[in-house]
> 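Just dropping this structure here.
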Amino acid sequence: MLRFWVLDVATEMEDGPVAWIWSIGEDGSRLIVKEPFRPVFYLTGGELERICTCLEASKELSISSFSLVERRLSGRSLRAVMVSVLTDELEGLAEKVRKRCGAEGVFEADIRASSQFLLRRGLRPSSWHAVEASESGAVKGYRVYRASGDYQRLERVETPRLRVLAFDSFFLAGRGTPKPEFDPVMVITAVTERGEVRQFSGDEKDLLRGFIDLVEGYDPDVIVGFNTNRRILPYLTERCRRLGFSLSIGRLGAEPRTSVYGHQSLQGRLNIDLYDLAEETPEIKLETLEEYSSYLGLKVEYDTIDEYDLAEAWDKERSRVLEYSTQRARGIMEVYRAVSDYIFSLSEITGLPADHVLTAATGFRVENYLMGLAMEAGELVPPRGEATYMTYAGGVVMEPRAGLHEDVAVIDFKSMYPNIMMKYNISFDTLSVEGVHRAPNLPHAFKEEAGFIPRALKRLLEERERARGLAEMHPEGSVERRVLEARQRALKVIANATYGYMGWTGARWYCREAAEATSAWGRETIRSAMERAKELGLEIIYGDTDSLFVRDDPEKIRGLLGWINEALGLEARVDRRYRKILFTEAKKRYGGLTDDGKIETVGLEIVRGDWSAIAKEAQLAALEAILKEGKEEAVRRIRETIKALREGRVPIKKLIIWKKLTKGLEEYEVASPHVKVAKRMIEAGWSVKPGDLVGFIIMKGKGRLYEKAIPYFEADPSRVDVDYYIEKQVIPPVARLLSAIGIPERTLMGLISN
DNA sequence: TTTAGGCATCAGGAGTACGTTGT
DNA sequence: ACAACGTACTCCTGATGCCT
Ligand SMILES: Nc1ncnc2c1ncn2[C@H]1C[C@H](O)[C@@H](COP(=O)(O)OP(=O)(O)OP(=O)(O)O)O1
């Protein structure tokens, strides 16, 4: 038996499609496991025997074989013709066959060949397998095996030692964002996992060739960078082409290939872009390598040079640029080390290859996970439909009791929606008018027979519990803990998103009834818990969807938790205790002092990425004073902030307001500062695209706000509109906190004039 | 390539009332 | 006297990013 760890899978056309499993062997060797593979689609409806006769007569098409099989569709048994084909262009062929042979439905023709291979053969990326295989030569030094028989998943959990190359690169433009048509590569710096640094600069052709040679010589399994998918790899590829050669950094010398959703695929290697990871980390508001490193608590030094100053720095302080490039490559390696386990675990859970899982949107992670289970269960994977969007009611949110409260306990249901889906067996394949589980105030019901979705959730929740347990074994602040926390959270998001997935019109298993019923039962559950809490004499201060904030009373809370467990069959727990907690009038916003002495803020401007740092700091200072010192101190601190602003003592960086461009500039209906600034930047030659953050500063002047906003890197500190920052940034968020403890806004407005 | 709904907050823009100005 | 204009106000909506 050959044992191997799956790095990546590709299908290549030889005599028909062949799956190439790029792998790491037990002895650490790099190898390729090959298996001729026949992608499959199913035909249903019509007269299946006639369809078979028709297929028999269609020998000229690339059909390898076909047979009548028993499958399931939404849980119901169904006969179908399974067609195995010799091409990786399934969709066209399937449609042709369907028409010619008079079938009604086509299933699974829209799943790409390499995905099919992974899913059908039960192969999991980023995990260990065993298979009967015979050695059959070598390609470019990689031993090749022919697999025969089924793949067995092994229990081993550890990741083999991978060769990793971290790199970063800067490009040089005379004006604005560098464009690959004109502007050369200045420098590439690469670092191996042993810490060896190689820097390439000078003649562009030489430096690119140097990098290619390094990759070929070092032969990394993983190439990791920051912003490689969207920017660096396409850029380098284009530069090489223009210089008359190709960026041959694939394992058999191929160029990077643009794959699904802007991902750059490297033959036989994993291309990992840490930017993708930064983007989905909610604590990180500004997706930069620096922010990510500091979020992880890594000790990496950066002498940062802003993108907008790079060209100038290259002229004036070249050695600093080169040094920064090295720091970045080192930092990328450090971050990779910290997060690689997380990436591989996400890949293993969802069944998506490690480099694809990071670019896949949540819905597709869920879907891929479900598809794997579906194929195991013989459940046909339906095509994506075009359901019309219909909204439905979600969770209930209580009006908070505004003000400062002492000793508040937060009671929280454990994975509420997933557990509700399991309790009431909510699934697309259990929806039935005669079902025994009838959703409150809805015409939807679900039957007893174990559903597909509850089965899928069970595994996710178990895995999450495991990750949570492990996380708690590591000290707070340690890298291990952060990574396990991230895994735990990823599993929670995938589980919750399984609920949202069924309410998503783009889902293969769209089932609005299931999603709607889940939130309806959620409302019923929290309402009954609220009632019970009141009956027990608990004082409720706030609640949102699955939580109750109550005045702490351990005895009564114990009673409530016990009741929830017995009467509702769900688990709730005290998630947190606040010594003090402050609510404004608003829902979903509060800040408190926890029992272990930490300040926690939820929803307030402090946690939002679209407020200036000065405003967020001022609000935090006020909150801290309110919780720890008193009202007077809060007012004193704000007075100090305002004074500092007036006297020009606040660094310009703290005045930047960042907002994301969420769509193309033409699509905006109303003018706004960040859109205006984006337009201005584009005119100056900078590239600003949807998904980018635009940083701006408000300057003195007349007119609308958007007329006073300029790119942050053009701001002259002496012309900043200090009044705007005082009156519209600092005061309102602070005033909302203060008014909750009875200090009228006037008190702050009085501070404006001095 | 879009998991869902619920929510606060801000600024722009349309509509309106009202006062001022010029003829 | 009356139209044209500017300003201040209200109300609604688009936009963003958060919470669960
Ligand atoms: N990202 C999300 N997508 C869809 N539904 C969500 C999401 N986050 C939360 N919900 C819904 C479903 C959850 O069960 C419910 C309560 O959320 P929350 O308390 O944050 O987590 P949880 O109850 O699932 O886990 P925990 O065990 O950490 O409390 O709100």
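All chains are named by letter (A, B, ...) in the order of the sequence lines, taking the proteins before the strands, and each is independently numbered beginning at 1.
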> Any base atoms under 4.0 Å from A:Y706, or only sugar-phosphate, or nothing? Heavy atoms, all strands.
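A:Y706: backbone/sugar contact only, no base atoms under 4.0 Å.
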> Would you classify A:G500 as touching base, sugar-phosphate or nothing, given that sugar-phosphate means primed atoms plus P, OP1 and OP2, and contacts are heavy atoms under 4.0 Å?
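Touches a base.
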> Measure the distance from CD on A:E283 to P on C:dG17 and round it to the nearest whole Å.
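Spelled out: CD on A:E283 to P on C:dG17 is 16 Å.
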> Using whole Å, report how far NZ of A:K702 lies from P of C:dT7.
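It is 11 Å, rounded to the nearest whole Å.
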> So A:V396, base contact, sugar-phosphate only, or nothing? Heavy-atom distance under 4.0 Å.
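Nothing, no nucleic acid heavy atom in range.
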> Categorize A:R736 for me: base, sugar-phosphate, or nothing, with a 4.0 angstrom heavy-atom threshold over every strand shown.
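Answer is sugar-phosphate: A:R736 comes under 4.0 Å of backbone atoms only.
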> Base, sugar-phosphate, or nothing: which does A:T505 touch, judged by heavy atoms less than 4.0 Å apart?
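If one applies the 4.0 Å heavy-atom cut-off, A:T505 turns out to touch nothing in the nucleic acid.
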> Counting the atoms with a prime plus P, OP1 and OP2 as sugar-phosphate, which does A:A393 contact under 4.0 Å by heavy atoms, base, sugar-phosphate, or nothing?
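Contact class for A:A393: sugar-phosphate only.
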> Can you tell me if A:H674 touches the phosphate of C:dT16, counting only side-chain N or O atoms and a distance under 4.0 Å to OP1 or OP2?
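Yes, within the criterion.
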> Is any side-chain heavy atom of A:F452 closer than 4.5 Å to a side-chain heavy atom of A:T430?
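Of all side-chain heavy-atom pairs linking A:T430 with A:F452, none is under 4.5 Å.
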> Describe the nucleic acid contact of A:K659 in one word from base, sugar-phosphate, nothing, applying a heavy-atom distance below 4.0 Å.
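Sugar-phosphate contact only - A:K659 comes under 4.0 Å of backbone atoms but never of a base.
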> Name the nucleic acid region contacted by A:Y389, choosing base, sugar-phosphate or nothing; use a 4.0 angstrom heavy-atom cut-off, strictly under.
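Answer is sugar-phosphate: A:Y389 comes under 4.0 Å of backbone atoms only.
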> Within the structure shown, what part of the strands sits under 4.0 Å from A:G603 by heavy-atom distance: base, sugar-phosphate, or nothing?
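The answer is sugar-phosphate, as A:G603 gets under 4.0 Å only of primed atoms, P, OP1 or OP2.
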> Assess whether a salt bridge exists between A:E531 and A:R527, defined as any Lys/Arg side-chain N lying under 4.0 Å from an Asp/Glu carboxylate O.
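The answer is no: the pair does not qualify as a salt bridge.
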> Rounding to a whole Å, what distance do you find between A:E669:CD and C:dA15:C1'?
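Result: 10 Å.
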> Once you measure the plane-to-plane angle for A:F446 and A:W521, does it fall in the parallel (<30°), tilted (30-60°) or perpendicular (>60°) bin?
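Tilted.
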> In this structure, how many angstroms lie between the P atom of C:dT20 and the CZ atom of A:R589, rounded?
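Whole-Å distance recorded here is 12 Å.
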> Given that A:V260 and A:S672 both sit by DNA chain B, which one's nearest nucleotide is further toward the 5' end?
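The residue mapped nearer the 5' terminus is A:V260.
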> Considering every strand and a 4.0 Å limit on heavy-atom distances, what is the contact class for A:P732: base, sugar-phosphate, or nothing?
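Sugar-phosphate contact only - A:P732 comes under 4.0 Å of backbone atoms but never of a base.
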> State which of C:dT20, C:dG17, C:dA15 makes the closest approach to the side chain of A:L693.
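Nucleotide nearest to A:L693's side chain: C:dG17.
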> For a 4.0 angstrom threshold against heavy atoms of chain A, report the outermost contacting nucleotides of DNA chain B in 5' to 3' order.
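Contact boundaries, 5' end first: B:dT1 to B:dG13.
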> Taking the side chain as C-beta and beyond, is there a heavy-atom pair between A:R384 and A:E367 under 4.5 Å?
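Yes; the side chains approach each other to less than 4.5 Å.
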> Applying ring-ring contact (aromatic ring centres under 6.0 Å, His included) between A:W504 and each of A:F364, A:W509, A:Y389, report the one that passes.
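Passing option: A:F364.
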> Pick out which of A:N227, A:T228, A:N229 makes a side-chain hydrogen bond (donor to acceptor under 3.5 Å, both in side chains) with A:D276.
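So, applying the side-chain hydrogen bond (donor to acceptor under 3.5 Å, both in side chains) to A:D276 and each of A:N227, A:T228, A:N229, only A:N229 qualifies.
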> Quick one: label A:Y590 by what it contacts on the DNA or RNA (base, sugar-phosphate, nothing), any heavy atom closer than 4.0 Å.
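Sugar-phosphate contact only.
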> Once you apply a heavy-atom cut-off of 4.0 Å, does A:Y724 come out as touching a base, just sugar-phosphate, or nothing?
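Result for A:Y724 = sugar-phosphate.
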> With side chains defined as the heavy atoms from C-beta onward, is the minimum distance between A:L737 and A:I743 less than 4.5 Å?
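They are not in contact (no side-chain heavy atoms under 4.5 Å apart), so the answer is no.
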> Inspect the contact between A:K663 and A:E669 and indicate whether a charged nitrogen and a carboxylate oxygen are less than 4.0 angstrom apart.
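No.
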> Got a salt bridge between A:R231 and A:D273, using NZ or NE/NH1/NH2 to carboxylate O under 4.0 Å?
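The answer is no: the pair does not qualify as a salt bridge.
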> Hey, which sits more toward the 5' end of DNA chain B by its nearest nucleotide, A:N496 or A:V397?
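Result: A:N496.
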> Going by the angle between their ring planes, with limits at 30° and 60°, are A:Y590 and A:F583 parallel, tilted or perpendicular?
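A:Y590 vs A:F583 ring planes: tilted.
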> Given atom NZ of A:K492 and atom P of C:dT20, what is their separation to the nearest angstrom?
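The distance from NZ of A:K492 to P of C:dT20 comes to 8 Å, rounded to the nearest Å.
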> For DNA chain C, which residues of residues 352-365 of chain A approach it to below 4.0 angstrom with any heavy atom?
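Nothing qualifies; none.
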> Would you indicate what A:V670 reaches in the nucleic acid, counting non-hydrogen atoms under 4.0 angstrom: base, sugar-phosphate, or nothing?
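Sugar-phosphate, backbone atoms only, no base.
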> Just checking A:K676: base, sugar-phosphate only, or nothing, at a heavy-atom cut-off of under 4.0 Å?
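Counting heavy atoms under 4.0 Å across all strands, no contact is made by A:K676.
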> Looking at A:Y712, does the NZ or CZ of A:K653 lie under 6.0 angstrom from its six-membered ring centre and within 45 degrees of the ring axis?
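Relative to the ring axis of A:Y712, which defines the angle, A:K653 lies outside at least one limit.
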> How many whole angstroms separate atom CD of A:E667 from atom P of C:dT16?
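Value for this atom pair: 11 Å.
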